[in-house]
Number of protein chains: 2
Amino acid sequence: MAQHGKMSILKAYLETKGLKSTAQRDFIADTFFKTNTHISLEELLSKVKRKNKNIGYATVYRTMKLLGESGLAIARQFGDGQTRYENLPEDGHHDHIICMKCSKIAEFQNQKIEQLQSEAAKKLGFTVVNHKLELYGYCAGCAGGDKA
Amino acid sequence: MAQHGKMSILKAYLETKGLKSTAQRDFIADTFFKTNTHISLEELLSKVKRKNKNIGYATVYRTMKLLGESGLAIARQFGDGQTRYENLPEDGHHDHIICMKCSKIAEFQNQKIEQLQSEAAKKLGFTVVNHKLELYGYCAGCAGGDKA
DNA sequence: ATTATTATGATAATAATATTCATTTTCAAT
DNA sequence: ATTGAAAATGAATATTATTATCATAATAAT
(Lines give C-alpha, C1' and ligand atoms only; values in the text may rest on other atoms or scores of the structure.)
Protein backbone atom coordinates (compact mmCIF):
# COMPACT_ATOMS: atom_id res chain seq x y z
CA MET A 1 0.00 0.00 0.00
CA ALA A 2 2.62 2.48 1.04
CA GLN A 3 4.73 2.98 -2.01
CA HIS A 4 3.69 6.63 -2.06
CA GLY A 5 6.23 9.20 -1.17
CA LYS A 6 3.37 11.02 0.48
CA MET A 7 2.79 8.11 2.76
CA SER A 8 6.22 8.40 4.27
CA ILE A 9 5.83 12.14 4.61
CA LEU A 10 2.69 11.46 6.57
CA LYS A 11 4.45 8.91 8.76
CA ALA A 12 7.19 11.39 9.50
CA TYR A 13 4.64 14.06 10.31
CA LEU A 14 2.81 11.80 12.73
CA GLU A 15 6.04 11.00 14.45
CA THR A 16 7.02 14.60 15.01
CA LYS A 17 3.60 15.22 16.50
CA GLY A 18 3.68 12.16 18.73
CA LEU A 19 0.70 10.68 16.94
CA LYS A 20 0.22 7.06 16.11
CA SER A 21 0.04 5.23 12.87
CA THR A 22 -3.11 3.18 12.50
CA ALA A 23 -4.61 0.98 9.86
CA GLN A 24 -7.55 3.33 9.38
CA ARG A 25 -5.44 6.40 9.01
CA ASP A 26 -3.19 4.75 6.52
CA PHE A 27 -6.07 3.45 4.51
CA ILE A 28 -7.91 6.75 4.43
CA ALA A 29 -4.77 8.65 3.52
CA ASP A 30 -3.87 6.16 0.84
CA THR A 31 -7.35 6.35 -0.62
CA PHE A 32 -7.16 10.09 -0.64
CA PHE A 33 -3.74 10.15 -2.24
CA LYS A 34 -5.13 8.12 -5.10
CA THR A 35 -7.77 10.71 -5.92
CA ASN A 36 -7.04 13.49 -8.30
CA THR A 37 -9.80 15.95 -7.70
CA HIS A 38 -11.20 18.02 -4.91
CA ILE A 39 -13.05 15.46 -2.90
CA SER A 40 -15.57 16.11 -0.16
CA LEU A 41 -15.57 14.21 3.10
CA GLU A 42 -18.76 12.48 2.13
CA GLU A 43 -17.32 11.33 -1.16
CA LEU A 44 -14.14 10.17 0.45
CA LEU A 45 -16.05 8.33 3.13
CA SER A 46 -18.07 6.40 0.62
CA LYS A 47 -14.92 5.58 -1.33
CA VAL A 48 -13.31 4.34 1.85
CA LYS A 49 -16.36 2.36 2.93
CA ARG A 50 -16.40 0.42 -0.30
CA LYS A 51 -13.30 -1.41 0.80
CA ASN A 52 -13.46 -0.97 4.50
CA LYS A 53 -17.02 -1.05 5.72
CA ASN A 54 -16.45 -0.18 9.33
CA ILE A 55 -14.46 3.00 9.14
CA GLY A 56 -16.47 5.83 10.61
CA TYR A 57 -17.11 9.34 9.48
CA ALA A 58 -15.28 10.83 12.41
CA THR A 59 -12.08 9.05 11.52
CA VAL A 60 -12.20 10.23 7.95
CA TYR A 61 -12.91 13.70 9.17
CA ARG A 62 -10.04 13.66 11.63
CA THR A 63 -7.62 12.11 9.22
CA MET A 64 -8.29 14.73 6.59
CA LYS A 65 -7.88 17.46 9.12
CA LEU A 66 -4.51 15.96 9.91
CA LEU A 67 -3.53 15.80 6.28
CA GLY A 68 -4.51 19.41 5.97
CA GLU A 69 -2.26 20.36 8.85
CA SER A 70 0.61 18.42 7.42
CA GLY A 71 0.34 20.18 4.09
CA LEU A 72 -0.48 16.96 2.26
CA ALA A 73 -4.02 18.07 1.55
CA ILE A 74 -5.55 21.45 0.98
CA ALA A 75 -8.95 22.28 2.34
CA ARG A 76 -11.00 24.29 -0.06
CA GLN A 77 -14.41 25.83 0.05
CA PHE A 78 -15.99 26.82 -3.16
CA GLY A 79 -19.46 28.25 -3.10
CA ASP A 80 -21.37 25.30 -1.71
CA GLY A 81 -20.89 24.99 2.03
CA GLN A 82 -18.83 21.87 1.55
CA THR A 83 -15.20 21.59 2.47
CA ARG A 84 -13.33 19.73 -0.20
CA TYR A 85 -9.84 18.39 0.11
CA GLU A 86 -7.50 18.63 -2.74
CA ASN A 87 -4.73 16.17 -3.30
CA LEU A 88 -1.93 18.16 -4.71
CA PRO A 89 -0.31 16.52 -7.69
CA GLU A 90 3.40 15.82 -7.60
CA ASP A 91 3.85 17.91 -10.69
CA GLY A 92 2.58 21.06 -9.12
CA HIS A 93 -0.37 23.04 -8.19
CA HIS A 94 -3.39 24.13 -10.08
CA ASP A 95 -5.80 26.93 -9.44
CA HIS A 96 -9.48 27.33 -10.08
CA ILE A 97 -11.94 29.44 -11.93
CA ILE A 98 -15.49 29.05 -10.78
CA CYS A 99 -18.51 30.19 -12.75
CA MET A 100 -20.81 32.13 -10.48
CA LYS A 101 -23.80 31.12 -12.50
CA CYS A 102 -23.45 27.47 -13.44
CA SER A 103 -20.77 26.50 -10.89
CA LYS A 104 -18.55 25.05 -13.55
CA ILE A 105 -14.98 24.76 -12.36
CA ALA A 106 -12.03 25.11 -14.68
CA GLU A 107 -8.44 24.64 -13.67
CA PHE A 108 -5.29 26.32 -14.74
CA GLN A 109 -1.65 26.55 -13.91
CA ASN A 110 0.53 29.59 -14.10
CA GLN A 111 4.10 29.34 -13.05
CA LYS A 112 4.59 33.05 -13.23
CA ILE A 113 1.84 33.70 -10.73
CA GLU A 114 3.32 31.18 -8.33
CA GLN A 115 6.61 32.90 -8.56
CA LEU A 116 5.16 36.34 -7.92
CA GLN A 117 3.35 34.95 -4.91
CA SER A 118 6.53 33.64 -3.37
CA GLU A 119 8.19 36.95 -3.94
CA ALA A 120 5.36 38.90 -2.39
CA ALA A 121 5.43 36.58 0.60
CA LYS A 122 9.17 36.86 1.00
CA LYS A 123 8.89 40.61 1.18
CA LEU A 124 6.61 40.21 4.17
CA GLY A 125 8.89 37.70 5.82
CA PHE A 126 6.69 34.73 5.05
CA THR A 127 7.57 31.36 3.64
CA VAL A 128 4.79 29.92 1.51
CA VAL A 129 3.79 26.31 2.05
CA ASN A 130 0.79 26.32 -0.20
CA HIS A 131 -1.84 28.62 -1.54
CA LYS A 132 -5.34 28.94 -2.80
CA LEU A 133 -6.23 31.02 -5.77
CA GLU A 134 -9.78 31.11 -6.91
CA LEU A 135 -11.17 33.29 -9.60
CA TYR A 136 -14.88 33.90 -9.65
CA GLY A 137 -16.70 35.01 -12.71
CA TYR A 138 -18.71 33.81 -15.65
CA CYS A 139 -17.83 31.09 -18.07
CA ALA A 140 -18.21 31.37 -21.81
CA GLY A 141 -21.69 29.88 -21.72
CA CYS A 142 -22.91 32.15 -18.96
CA ALA A 143 -21.03 35.20 -20.13
CA GLY A 144 -22.43 38.50 -19.02
CA GLY A 145 -24.08 37.01 -15.98
CA ASP A 146 -27.47 38.11 -17.17
CA LYS A 147 -30.78 37.42 -15.61
CA ALA A 148 -31.24 33.74 -14.90
CA MET B 1 -27.20 57.90 1.74
CA ALA B 2 -26.43 56.93 -1.83
CA GLN B 3 -23.46 59.00 -2.79
CA HIS B 4 -21.48 55.80 -3.22
CA GLY B 5 -20.56 54.72 -6.68
CA LYS B 6 -21.14 51.24 -5.43
CA MET B 7 -24.70 52.04 -4.63
CA SER B 8 -25.51 52.80 -8.23
CA ILE B 9 -23.68 49.70 -9.37
CA LEU B 10 -25.96 47.75 -7.06
CA LYS B 11 -29.04 49.48 -8.40
CA ALA B 12 -28.01 48.66 -11.91
CA TYR B 13 -27.36 45.07 -10.96
CA LEU B 14 -30.79 44.71 -9.36
CA GLU B 15 -32.39 46.09 -12.45
CA THR B 16 -30.73 43.62 -14.80
CA LYS B 17 -31.88 40.83 -12.53
CA GLY B 18 -35.43 42.08 -12.27
CA LEU B 19 -35.06 42.58 -8.54
CA LYS B 20 -36.48 45.39 -6.54
CA SER B 21 -34.88 48.14 -4.60
CA THR B 22 -35.96 48.28 -0.99
CA ALA B 23 -35.16 50.42 1.99
CA GLN B 24 -33.69 47.47 3.86
CA ARG B 25 -31.45 46.40 1.03
CA ASP B 26 -30.17 49.87 0.50
CA PHE B 27 -29.50 50.36 4.15
CA ILE B 28 -27.70 47.04 4.57
CA ALA B 29 -25.63 47.58 1.46
CA ASP B 30 -24.76 51.10 2.47
CA THR B 31 -23.72 49.96 5.92
CA PHE B 32 -21.58 47.28 4.41
CA PHE B 33 -19.95 49.63 1.94
CA LYS B 34 -18.85 51.79 4.84
CA THR B 35 -16.92 48.97 6.47
CA ASN B 36 -13.33 48.36 5.58
CA THR B 37 -12.65 44.89 6.89
CA HIS B 38 -13.92 41.40 6.39
CA ILE B 39 -17.15 41.44 8.32
CA SER B 40 -19.25 38.50 9.38
CA LEU B 41 -23.00 38.42 9.00
CA GLU B 42 -23.41 38.60 12.73
CA GLU B 43 -21.23 41.67 12.97
CA LEU B 44 -22.98 43.32 10.07
CA LEU B 45 -26.37 42.53 11.51
CA SER B 46 -25.56 44.16 14.82
CA LYS B 47 -24.18 47.19 13.01
CA VAL B 48 -27.38 47.41 11.01
CA LYS B 49 -29.62 46.91 14.03
CA ARG B 50 -28.08 49.85 15.83
CA LYS B 51 -29.79 52.18 13.41
CA ASN B 52 -32.58 50.03 12.17
CA LYS B 53 -33.92 47.83 14.89
CA ASN B 54 -36.31 45.75 12.86
CA ILE B 55 -34.20 44.44 10.06
CA GLY B 56 -33.96 40.70 10.31
CA TYR B 57 -31.08 38.31 9.96
CA ALA B 58 -32.48 36.71 6.85
CA THR B 59 -32.54 40.01 5.02
CA VAL B 60 -28.95 40.73 5.86
CA TYR B 61 -28.06 37.23 4.82
CA ARG B 62 -29.88 37.54 1.53
CA THR B 63 -28.58 40.98 0.78
CA MET B 64 -24.99 39.93 1.29
CA LYS B 65 -25.50 36.95 -0.92
CA LEU B 66 -26.73 39.34 -3.55
CA LEU B 67 -23.75 41.63 -3.13
CA GLY B 68 -21.53 38.61 -3.51
CA GLU B 69 -23.17 37.68 -6.77
CA SER B 70 -22.86 41.18 -8.06
CA GLY B 71 -19.14 41.27 -7.36
CA LEU B 72 -19.54 44.12 -4.87
CA ALA B 73 -18.60 41.89 -1.97
CA ILE B 74 -16.36 38.88 -1.70
CA ALA B 75 -17.29 35.97 0.49
CA ARG B 76 -14.30 34.57 2.29
CA GLN B 77 -13.77 31.71 4.60
CA PHE B 78 -10.67 31.65 6.67
CA GLY B 79 -10.16 28.80 9.07
CA ASP B 80 -13.11 29.40 11.40
CA GLY B 81 -16.34 28.18 9.85
CA GLN B 82 -17.51 31.75 9.44
CA THR B 83 -18.18 33.36 6.13
CA ARG B 84 -16.93 36.87 6.10
CA TYR B 85 -17.70 39.43 3.46
CA GLU B 86 -15.04 41.71 2.26
CA ASN B 87 -15.75 45.14 0.98
CA LEU B 88 -13.29 45.72 -1.74
CA PRO B 89 -11.60 49.08 -1.54
CA GLU B 90 -11.93 51.46 -4.44
CA ASP B 91 -8.18 51.43 -4.87
CA GLY B 92 -8.05 47.73 -5.52
CA HIS B 93 -7.92 44.39 -4.03
CA HIS B 94 -5.72 42.95 -1.39
CA ASP B 95 -4.74 39.37 -0.81
CA HIS B 96 -3.78 37.48 2.31
CA ILE B 97 -0.92 35.51 3.72
CA ILE B 98 -1.84 33.41 6.70
CA CYS B 99 0.66 31.92 9.11
CA MET B 100 -0.16 28.28 9.68
CA LYS B 101 1.28 28.38 13.14
CA CYS B 102 0.28 31.65 14.80
CA SER B 103 -2.58 32.58 12.45
CA LYS B 104 -1.15 35.99 11.80
CA ILE B 105 -2.59 37.49 8.64
CA ALA B 106 -0.66 39.85 6.42
CA GLU B 107 -2.05 41.58 3.38
CA PHE B 108 -0.50 42.47 0.10
CA GLN B 109 -1.30 43.78 -3.32
CA ASN B 110 0.21 42.79 -6.60
CA GLN B 111 -1.07 44.30 -9.75
CA LYS B 112 0.94 41.97 -11.91
CA ILE B 113 -0.71 38.92 -10.37
CA GLU B 114 -4.15 40.38 -10.99
CA GLN B 115 -3.28 40.92 -14.57
CA LEU B 116 -1.99 37.39 -15.07
CA GLN B 117 -5.16 36.08 -13.53
CA SER B 118 -7.35 37.90 -15.98
CA GLU B 119 -5.26 36.61 -18.82
CA ALA B 120 -5.41 33.04 -17.62
CA ALA B 121 -9.17 33.33 -17.22
CA LYS B 122 -9.61 34.80 -20.66
CA LYS B 123 -7.81 31.87 -22.19
CA LEU B 124 -10.43 29.60 -20.68
CA GLY B 125 -13.30 31.76 -21.83
CA PHE B 126 -14.03 33.16 -18.41
CA THR B 127 -14.65 36.70 -17.32
CA VAL B 128 -13.37 37.38 -13.84
CA VAL B 129 -15.64 39.22 -11.42
CA ASN B 130 -13.45 38.83 -8.39
CA HIS B 131 -10.95 36.53 -6.84
CA LYS B 132 -9.52 35.13 -3.67
CA LEU B 133 -5.87 34.53 -3.19
CA GLU B 134 -4.61 33.15 0.07
CA LEU B 135 -1.09 32.09 0.75
CA TYR B 136 -0.45 29.73 3.63
CA GLY B 137 2.90 29.39 5.24
CA TYR B 138 5.00 30.56 8.14
CA CYS B 139 5.68 34.09 9.20
CA ALA B 140 9.10 35.37 10.18
CA GLY B 141 8.53 34.59 13.83
CA CYS B 142 7.33 31.05 13.21
CA ALA B 143 9.76 30.31 10.42
CA GLY B 144 10.60 26.69 9.92
CA GLY B 145 7.22 25.51 11.03
CA ASP B 146 8.65 23.13 13.60
CA LYS B 147 6.76 20.99 16.01
CA ALA B 148 4.20 23.01 17.94
C1' DA C 1 3.41 -8.77 28.47
C1' DT C 2 2.33 -4.37 30.62
C1' DT C 3 0.84 0.10 30.58
C1' DA C 4 0.23 4.73 29.43
C1' DT C 5 -1.14 7.17 25.59
C1' DT C 6 -3.67 7.83 21.61
C1' DA C 7 -7.28 6.39 18.17
C1' DT C 8 -11.71 4.77 16.94
C1' DG C 9 -16.62 4.93 15.97
C1' DA C 10 -21.30 5.71 17.22
C1' DT C 11 -23.85 9.24 18.67
C1' DA C 12 -25.04 13.63 20.26
C1' DA C 13 -24.22 18.72 20.36
C1' DT C 14 -23.21 22.91 17.98
C1' DA C 15 -23.51 26.44 14.82
C1' DA C 16 -23.91 28.35 10.36
C1' DT C 17 -26.67 28.56 6.54
C1' DA C 18 -30.84 28.00 3.97
C1' DT C 19 -35.83 27.75 3.58
C1' DT C 20 -40.73 28.49 4.58
C1' DC C 21 -44.72 31.21 4.62
C1' DA C 22 -47.86 34.79 5.86
C1' DT C 23 -47.65 39.57 5.37
C1' DT C 24 -45.97 43.76 3.39
C1' DT C 25 -43.80 46.46 -0.13
C1' DT C 26 -42.50 47.73 -4.76
C1' DC C 27 -43.42 49.30 -9.35
C1' DA C 28 -45.47 49.39 -13.76
C1' DA C 29 -49.82 49.92 -15.93
C1' DT C 30 -53.94 51.81 -15.78
C1' DA D 1 -53.97 57.89 -7.33
C1' DT D 2 -55.32 52.89 -7.63
C1' DT D 3 -54.57 48.38 -8.62
C1' DG D 4 -52.41 43.96 -8.85
C1' DA D 5 -48.73 40.87 -9.95
C1' DA D 6 -44.17 40.00 -8.58
C1' DA D 7 -40.87 40.27 -5.22
C1' DA D 8 -39.11 41.21 -0.37
C1' DT D 9 -39.39 40.93 4.47
C1' DG D 10 -38.90 38.82 9.02
C1' DA D 11 -39.76 35.41 12.37
C1' DA D 12 -39.30 30.97 12.88
C1' DT D 13 -38.04 26.52 11.48
C1' DA D 14 -35.35 23.10 8.89
C1' DT D 15 -31.19 21.54 7.18
C1' DT D 16 -26.51 20.35 7.08
C1' DA D 17 -21.67 20.44 7.92
C1' DT D 18 -18.64 20.32 11.53
C1' DT D 19 -17.07 19.35 16.14
C1' DA D 20 -17.18 17.14 20.62
C1' DT D 21 -18.12 13.23 23.78
C1' DC D 22 -17.11 8.94 25.71
C1' DA D 23 -16.63 4.06 26.24
C1' DT D 24 -13.84 0.73 24.03
C1' DA D 25 -9.91 -0.78 21.26
C1' DA D 26 -5.40 -0.35 19.31
C1' DT D 27 -0.58 1.30 19.47
C1' DA D 28 4.18 1.45 20.80
C1' DA D 29 7.69 1.83 24.09
C1' DT D 30 9.49 -0.29 28.10
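The chains referred to below are lettered A, B, ... by the order of the sequence lines, with proteins before strands, and numbering in each begins at 1.
In terms of phosphate contacts, A/Thr59 brings no side-chain nitrogen or oxygen within less than 4.0 Å of OP1 or OP2 of C/dA7. In this model, the phosphate group of C/dT26 is not approached by any side-chain N or O of B/Ser21 to a distance below 4.0 Å at OP1 or OP2.
Listed for the A/Asn87 side chain is a donor-acceptor partner under 3.5 Å among the backbone atoms of A/Thr35. Between the side chain of B/Asn52 and the backbone N or O of B/Ile55, no donor-acceptor pair lies under 3.5 Å.
Classification of A/Arg84 and A/Glu43 as a salt-bridged pair holds, one side-chain N sitting under 4.0 Å from a carboxylate O. Between A/Lys17 and A/Glu69, no side-chain nitrogen of the basic residue sits less than 4.0 Å from a carboxylate oxygen of the acidic one, so the salt-bridge criterion is not met. Using a 4.0 Å cut-off between charged side-chain N and carboxylate O, A/Lys6 and A/Asp30 make no salt bridge.
Contacts of A/Arg62 with the nucleic acid, taken as non-hydrogen atoms under 4.0 Å apart, include base atoms. Using a 4.0 Å heavy-atom criterion, one finds that A/Gln82 contacts the sugar-phosphate atoms exclusively.
Of the nucleotides present, C/dT2 is the one that pairs with D/dA29 by Watson-Crick or G-U wobble criteria, both distances under 3.5 Å.
Ranking D/dA7, D/dT9, C/dT17 by closeness to the B/Leu19 side chain, first place goes to D/dA7. With C/dT6, D/dT27, C/dT26 as the candidates, the nucleotide lying closest to the side chain of A/Thr22 is D/dT27.
Counting to the nearest Å, the C1' atom of C/dT8 and the CZ atom of A/Arg25 are 10 Å from each other. Distance, B/Leu45 CG to D/dG10 P: 10 Å, rounded to whole Å. The separation between A/Glu15 atom CD and C/dT6 atom C1' is 15 Å, rounded to whole Å. Atom CG in B/Leu14 sits roughly 13 Å away from atom P in C/dT26 (whole-Å rounding). Summarising the geometry, the separation between NZ on B/Lys11 and C1' on C/dT26 is reported as 13 Å, rounded to the nearest angstrom. Here the P atom of nucleotide C/dA16 and the OH atom of B/Tyr85 are 14 Å apart, to the nearest Å. We find that CD of A/Gln24 is positioned 9 Å from P of D/dA26, with the value rounded to whole Å.
With hydrogens and angles ignored, a donor-acceptor pair closer than 3.5 Å exists between the side chain of B/Lys20 and the base of D/dA6.
For the pair A/Lys49 and B/Lys65, nearest-nucleotide mapping onto DNA chain C gives the more 5' position to A/Lys49. For the pair B/Arg84 and A/Asn54, both in contact range of DNA chain C, the more 5′-proximal nearest nucleotide belongs to A/Asn54.
A donor-acceptor contact closer than 3.5 angstrom is absent between the side chains of A/Tyr13 and A/Glu15.
Taking the centre of each ring, B/His96 and A/His131 stay at or above the 6.0 Å mark.
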Dump every N/O contact between nucleotides 12-14 of chain D and the protein below 3.5 Å, one line per pair.
none

